Amino acid sequence: MQSGFEVFDIAGTIFPIFFLIVIIIFLVSVSGGVYRWFSNNKQPVLSVNSIISSKRTAVSHHHDSDSSAHHSSTTYYLTFEVESGDRLEFRVSGEEFGHSSEGDEGKLTFQGSRYLGFERYGRIHADTSLDRRNVRRHSQM
């Protein structure tokens, strides 16, 4: 049979180990973000012609058990297709997402995995580029 002091000895051993594991998990996640930040800073800033090929959202729901409050957050993503045919997806603000439409053409600026902006071409340019695509489609038939 264990005395009361032996129970405190077990808790005194387990708590520091648990605390150390939590600290290690925190440091690994922070170091991953710092590594990504430095990695992006080493990359050149690129501006390429692209088309917004798709839009998507990711909604996460949260429940606070203390106050019985529910809230959700939405993350917005745009996928760009560049001239080479490669597709790049970036997280964007809700405002940027709202101003974007699939098929918009413009100049995508990014640095590594960091989205820096998208400058849409004017309507005249977009209309003529759509005409060029339709001409190519009809000429291939």
Side-chain angles (χ1 to χ4, degrees), residues 2-141:
Q2 294 181 346
S3 71
F5 293 111
E6 290 174 1
V7 172
F8 286 119
D9 190 38
I10 293 172
T13 304
I14 293 176
F15 180 73
I17 293 172
F18 177 74
F19 185 71
L20 183 64
I21 290 171
V22 169
I23 295 292
I24 289 171
I25 291 171
F26 175 76
L27 291 176
V28 167
S29 16
V30 168
S31 65
V34 170
Y35 173 78
R36 189 170 33 259
W37 186 79
F38 278 111
S39 176
N40 281 335
N41 285 344
K42 290 179 184 178
Q43 301 295 318
V45 174
L46 299 175
S47 291
V48 296
N49 295 325
S50 64
I51 298 172
I52 296 177
S53 59
S54 67
K55 299 170 63 172
R56 75 176 180 94
T57 58
V59 179
S60 57
H61 301 282
H62 309 281
H63 174 72
D64 184 5
S65 58
D66 294 337
S67 65
S68 298
H70 297 278
H71 67 278
S72 61
S73 60
T74 305
T75 307
Y76 302 95
Y77 297 94
L78 293 176
T79 302
F80 298 88
E81 185 172 339
V82 296
E83 292 174 322
S84 66
D86 291 334
R87 291 180 180 222
L88 305 169
E89 183 179 68
F90 294 100
R91 183 178 179 172
V92 297
S93 69
E95 182 179 359
E96 180 87 18
F97 185 86
H99 290 154
S100 303
S101 296
E102 290 184 14
D104 282 354
E105 293 186 50
K107 190 161 294 274
L108 167 66
T109 304
F110 64 99
Q111 184 179 27
S113 64
R114 183 183 298 146
Y115 173 79
L116 298 176
F118 181 69
E119 183 180 334
R120 277 161 210 73
Y121 295 141
R123 284 297 338 141
I124 295 172
H125 185 278
D127 290 342
T128 58
S129 64
L130 288 174
D131 290 341
R132 283 196 310 268
R133 278 192 263 150
N134 286 335
V135 169
R136 274 189 253 137
R137 281 191 201 127
H138 292 301
S139 65
Q140 293 174 351
M141 291 182 173

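One is the number of the first residue; the rest follow in order along the sequence. Computed from a predicted model, the values in this text were never measured in an experiment. Atoms considered below: every heavy atom in the structure, side chains included; atoms not considered: hydrogens, waters and symmetry mates.
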Is any side-chain heavy atom of [X] closer than 4.5 Å to a side-chain heavy atom of [Y]?
X    : Y    : result
K107 : N49  : yes
N40  : S113 : yes
E119 : T109 : no

Using the test side chain to side chain donor-acceptor pair (under 3.5 Å), find all partners of H63 that sit at least two apart in sequence or belong to another chain.
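Checked H63 against side chain to side chain donor-acceptor pair (under 3.5 Å); matches are H70.
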Y115: side chain to side chain donor-acceptor pair (under 3.5 Å) partners, not counting sequence neighbours
E96
Specify the closest pair of heavy atoms between [X] and [Y], including all atoms of both residues, with the distance to one decimal.
X    : Y   : answer
D104 : H99 : OD2-O, 4.1 Å
F110 : V48 : CE2-CG2, 4.0 Å
S100 : I52 : CB-CD1, 3.6 Å
S72  : H61 : CB-ND1, 3.5 Å
F80  : S50 : CD2-OG, 3.7 Å

What residue pairs, at least two apart or across chains, pass salt bridge (charged side-chain N to carboxylate O under 4.0 Å, His left out) with a residue in residues 15-29?
none
Provide the full list of salt bridge (charged side-chain N to carboxylate O under 4.0 Å, His left out) pairs with a residue in residues 48-61, sequence neighbours left out, each pair given once.
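Found R56-E89.
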Using atom types as modelled and distance alone, determine if a side-chain donor or acceptor of T79 lies under 3.5 Å from a backbone N or O of S53.
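Checking the backbone N and O of S53 against the side chain of T79, no donor-acceptor pair under 3.5 Å is found.
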Set out, in order, the CA-CA distance, both residues' side-chain angles and the distance that settles side chain to side chain contact (heavy atoms under 4.5 Å, CB included) for T74 and F97, then state yes or no.
CA-CA 11 Å; T74 305; F97 185 86; over 6 Å; no
Quick one: list whatever passes salt bridge (charged side-chain N to carboxylate O under 4.0 Å, His left out) with R114, sequence neighbours left out.
none
Using salt bridge (charged side-chain N to carboxylate O under 4.0 Å, His left out) as the criterion, list what pairs up with R87, not counting sequence neighbours.
E81
Between F118 and L108, is the side chain to side chain contact (heavy atoms under 4.5 Å, CB included) condition met? List the steps.
CA-CA 5 Å; F118 181 69; L108 167 66; 4.2 Å; yes
I need the E102 CD to I51 CD1 distance, nearest 0.5 Å.
11.5 Å
Side chains of S60 and S73: is there a donor and an acceptor less than 3.5 Å apart?
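A pair is found: one side chain offers a donor N or O, the other an acceptor, under 3.5 Å apart.
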